[in-house]
Protein chains: 2
Amino acid sequence: MSQQRNGQAAGVSDGAVFPDLPEATVARLPEYLRALHNLAETGFDTVSSEGLAAAAGVNSAKLRKDLSHLGSYGTRGVGYDVALLIAQIEHVLGLTQRRAVALVGVGNLGHALAGYAGFSSRGFRIAALFDADPGRIGERINGLVVHDIARLPEVVAAEAISIAVIATPAHAAQSVADRLVAAGVTSILNFAPCVLSVPDGVDVRKVDLAIELQILSFHEHRKSALTTLPSPTGDGSMKIRPTLDGEALAT
Amino acid sequence: MSQQRNGQAAGVSDGAVFPDLPEATVARLPEYLRALHNLAETGFDTVSSEGLAAAAGVNSAKLRKDLSHLGSYGTRGVGYDVALLIAQIEHVLGLTQRRAVALVGVGNLGHALAGYAGFSSRGFRIAALFDADPGRIGERINGLVVHDIARLPEVVAAEAISIAVIATPAHAAQSVADRLVAAGVTSILNFAPCVLSVPDGVDVRKVDLAIELQILSFHEHRKSALTTLPSPTGDGSMKIRPTLDGEALAT
DNA sequence: AGGCGTTTGTGAACGCTTGCACAAACTCAC
DNA sequence: GTGAGTTTGTGCAAGCGTTCACAAACGCCT
């Protein structure tokens, strides 16, 4: 608590941008960031790797290795300075500026995303809404007007949008993606259940709610099959219910 | 097309449940399944690993290795029988029965999820809605009544629910998870931005929309830094715009 | 000032995942 | 029936990610 004499960004001055940060690490940094914000609000000034790892739900060794890729921002015998680490991770993730995001598709899901407070509280600003349905164009959602998707190029340019969210039906998603790329968007978060093909240099991440459930379904299936076997794991702490599966194969 | 003389489940009779299927493979099977359904609707009877891989957005070698874990359901020189492969993957994922899902938290996002058609079209049935807000209890959404969360145990038991979706604010999520587990739920899909701690035997998958955007933000950040360097990738096909980043570090 | 307990950063081993490359197996045409 | 062309299934090697275990570094107490 006596060490960080420098304002809020001490050794962060390097403009290097970590071109070789492992993908797995990048995917976990946001989780660490969220845990750190929680700790900061709770009044913590420093936190050990063990404590932060518990708050982020990972192994402490993994956390230390992840953070070591960013440089040495911990103090041996003490832990990590919470505020400094927040600043460092936000810098690496490019969250020092509030990024403008476009949302395409204001249907069932898109409507909810447009009103989701978690975006704005964590570094993003929904800057524009688009839809192709003439019945929805002009509608106001959360203070934003739904634009005709034909206006993508001008609005993307005017608002300096580089990230877009696709929340359209699957059959429209590829066409929307093409138009987004043409307008200059270089990162896409796709909620439509389909594969998008985009040129090199454009990043796509996919969120498919049904796929997540299907993965859980597999594990359920596997677990329920264990009920027919003598408990393989040592302590009988696992709750076993009669097989709900039925497993009817021959129709 | 002359080979599968047996109804719709030929060698699928084995009750074994693939306890050692690699996680990475399990996570891709739903994607293959979706691609296969598309192909079936388009009229394909068979598909090659190359074709299916393209439709699912993966490498063909990876696809073949994934499918080989399920057994040999392809025909050399021909490809895979679409209908047979669909049946096989659905069996492995435990989708032969339509699983009942509970949804807790009927706020902004939960409301949208309750109306999302993708769940019911892909093997799941939203069987019950819950909330803690008295103002929402009793509301009808998509033909379902919102129950008081206190009624979790009875409804979970009555509907044979084993999977639940948490769409509550973060501060309520852990408490909800505890009550779900106590009621007998063994798989949870968590949309709340927080880490859930659950006992062994319970699976949790997490979907955090802000985290996805932050990962994209990192790549945007990295890409925009490249504008200051001579194009490192061979062909200059990458669209480069003047740096939008600003990269202001010292406040 | 010096020793002690604590915590970070990291080398090294391990396991999982991916991608290549090719033999085995199948269809089709003649 | 035979040969040519096609496609699957898989051994193998390389790369990536995770975990262990420990030396180096730090604060604190005496």
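Every chain is numbered from 1 and lettered A, B, ... according to where its sequence line falls, protein lines coming before strand lines.
In terms of the side chain to side chain contact (heavy atoms under 4.5 Å, CB included) criterion, residue partners of A27(B) (sequence neighbours excluded) are, by chain and number, I215(A). A24(B) pairs by the side chain to side chain contact (heavy atoms under 4.5 Å, CB included) definition with R28(B), not counting sequence neighbours. Applying the side chain to side chain donor-acceptor pair (under 3.5 Å) criterion to R76(A), with sequence neighbours excluded, gives no partner residue. Considering only residues two or more places apart in sequence or on other chains, D203(B) meets the side chain to side chain donor-acceptor pair (under 3.5 Å) condition with K223(A). In this structure A53(B) satisfies the side chain to side chain contact (heavy atoms under 4.5 Å, CB included) test together with V58(B), S60(B), L63(B), sequence neighbours excluded. Under the rule for a side chain to side chain donor-acceptor pair (under 3.5 Å), the partners of K206(A) that lie at least two apart in sequence or sit in another chain are E31(B). With sequence neighbours left out, H69(A) forms a side chain to side chain donor-acceptor pair (under 3.5 Å) with no residue at all.
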N/O contacts under 3.5 Å, protein versus nucleotides 28-30 of chain C?
none

Find every protein N or O atom lying less than 3.5 Å from an N or O atom of nucleotides 14-16 of chain C, and list the pairs.
none

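Between the C1' atom of dG17(D) and the CG atom of L63(A) lies a distance of 15 Å, rounded to the nearest Å. If you take CG of D20(A) and P of dG15(D), they are 16 Å apart, rounded to a whole angstrom. If you measure from atom NZ of K62(B) to atom C1' of dC16(D), you get 12 Å, rounded to the nearest angstrom. Rounding to whole angstrom units, CG of residue L21(B) and C1' of dT17(C) are separated by 14 Å.
A donor-acceptor contact closer than 3.5 angstrom is absent between the side chains of Q97(A) and H221(B). In this structure, a donor-acceptor pair under 3.5 Å is absent between the side chains of Y73(B) and D81(B). Under the 3.5 Å distance criterion, with hydrogens and angles disregarded, a donor-acceptor pair is assigned to the side chains of E220(B) and S187(A).
What you find for L189(B) and L209(A) is that their closest heavy atoms are CD2-O, 4.3 Å. In plain terms, the two heavy atoms of S217(B) and L95(A) that are nearest each other are OG-CD2, 3.6 Å. In this structure, V195(A) and G57(B) approach most closely via the heavy-atom pair CG1-CA, 3.9 Å.
Using a 4.0 Å cut-off on heavy atoms, the residues of residues 26-36 of chain B that approach DNA chain C are R28(B), listed by number.
Ion pairing of D20(B) with R222(A) is absent here, as no side-chain N (NZ or NE/NH1/NH2) approaches a carboxylate O to less than 4.0 Å.
Comparing the local axis fitted to the first five base pairs of the helix from dA1(C)-dT30(D) to dC30(C)-dG1(D) with the one fitted to its last five gives a bend of 10°, rounded to 10°.
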Discussion item. Please encode protein proximity along nucleotides 6-12 of chain D as a string of B, S and -, counting only heavy-atom distances under 4.0 Å.
Written reply: BBBBBBB
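Although no hydrogens or angles enter the test, the distance criterion places no donor-acceptor pair under 3.5 Å between the side chain of H219(B) and the main chain of V204(A).
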